[in-house]
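For reference, the structure discussed in these notes is given below.
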Amino acid sequence: MVTLKAPYVAGFLGFREAPPLLQTLEKLKNELPDLMPQVLFVDGNGLFHSRECGLACHLGVQADLPCVGVAKNLLHLDGVVKSDEHQSQSSSKPVYVSVGHRISLATAVSLTHRCCLYRVPEPIRQADLRSREYLRSHILAPDVS
DNA sequence: GCGACAG
DNA sequence: ATCTTGTCGC
């Protein structure tokens, strides 16, 4: 019996990503409680969302943990426009930080800055790199013979 | 109406 | 997100 992951639908990323993330947090709490995070970083938006409830809010509320959303692309919402600087400065690769849950925007931005060695915060970057490596070696790897 | 629209 | 060719910089 396999569980199909919900498809990605713009505006509903949380419905696809929150379930497996919560499952992983639950497993972490049971097996490695010392590694339970005090704060969550999410690859996506929080209050910056069409319904002010992006993945960062969705996950933060269900996990009952502070959560900050960091998106790599600007979600187009009416009233939101890229500044002229971002439009013309091709070298600018901004990230969009928004409140997820139990944290202020000022703290979310500060925390993001302090966790960035590269463009995105290390927690998100490492999750991305390590998960891809896992898939490459355990799932997508062709036969070695 | 269609495309665009976090990942 | 994924795929994919090439380029630039440390």
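Per chain, numbering begins at 1; letters A, B, ... match sequence-line order.
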>> If I take atom CZ in residue A/Phe48 and atom C1' in nucleotide B/dG7, what distance separates them, rounded to the nearest angstrom?
In response: 15 Å

> Heavy atoms under 4.0 Å, any strand shown: does A/Phe12 hit a base, just sugar-phosphate, or nothing?
Replying inline: base

>> Below 30° counts as parallel, above 60° as perpendicular, anything between as tilted: where do the rings of A/Phe15 and A/Phe12 land?
In response: tilted

> Looking for any heavy atom pair under 4.0 Å, which part of the strands does A/Asn45 touch: base, sugar-phosphate only, or nothing?
Replying inline: base

> Is there a chain of hydrophobic side chains (I, L, V, M, F, W, Y, each step under 4.5 Å between heavy atoms) that links A/Leu111 to A/Val95?
Replying inline: yes

> Distance check: side-chain N/O of A/Lys72 vs OP1/OP2 of B/dG7, anything under 4.0 Å?
Replying inline: yes

> Out of curiosity, A/Leu28 CG to A/Asp34 CG, how far, rounded to the nearest 0.5 Å?
Replying inline: 9.5 Å

> Can you find a side chain N or O atom of A/Asn73 that sits less than 4.0 Å from OP1 or OP2 on B/dC5?
Replying inline: no

> Which value, rounded to the nearest 0.5 Å, describes the distance between A/Ser110 atom OG and A/Leu105 atom CG?
Replying inline: 11.0 Å

> To the nearest Å, how far apart are A/Leu21 CG and B/dG7 C1'?
Replying inline: 11 Å

>> For B/dA6 and A/Tyr96 - does any side-chain N or O of the residue sit under 4.0 Å from the phosphate oxygens OP1/OP2?
In response: no

>> Rounding to an integer number of Å, can you tell me how far A/Tyr8 OH sits from C/dT2 P?
In response: 13 Å

> Does the aromatic ring of A/His76 sit over the six-membered base ring of B/dA4, closer than 5.5 Å centre to centre and tilted less than 30°?
Replying inline: yes

> What integer distance in Å separates A/Arg51:CZ from B/dC5:P?
Replying inline: 17 Å

> To the nearest Å, how far apart are A/Leu13 CG and B/dA6 P?
Replying inline: 9 Å

> Does C/dA1 have OP1 or OP2 sitting under 4.0 Å from an N or O in the side chain of A/Arg132?
Replying inline: yes

> Taking the same atom, C1', in B/dA4 and in C/dA1, what whole-Å distance lies between them?
Replying inline: 16 Å

> Which part of the nucleic acid, if any, lies within contact of A/Leu77, taking any heavy atom under 4.0 Å across all strands shown: a base, the sugar-phosphate backbone alone, or nothing?
Replying inline: nothing

> If you measure from CD on A/Glu133 to CD on A/Gln126, what distance do you get to the nearest 0.5 Å?
Replying inline: 12.0 Å

> Separation of A/Leu55 atom CG from C/dA1 atom P, in whole Å?
Replying inline: 13 Å

> Can you tell me how far C1' of B/dA6 sits from CG of A/Asp128, to the nearest Å?
Replying inline: 13 Å

> A/Leu74 has an atom CG; how far is it from atom C1' of B/dA4, in whole Å?
Replying inline: 12 Å

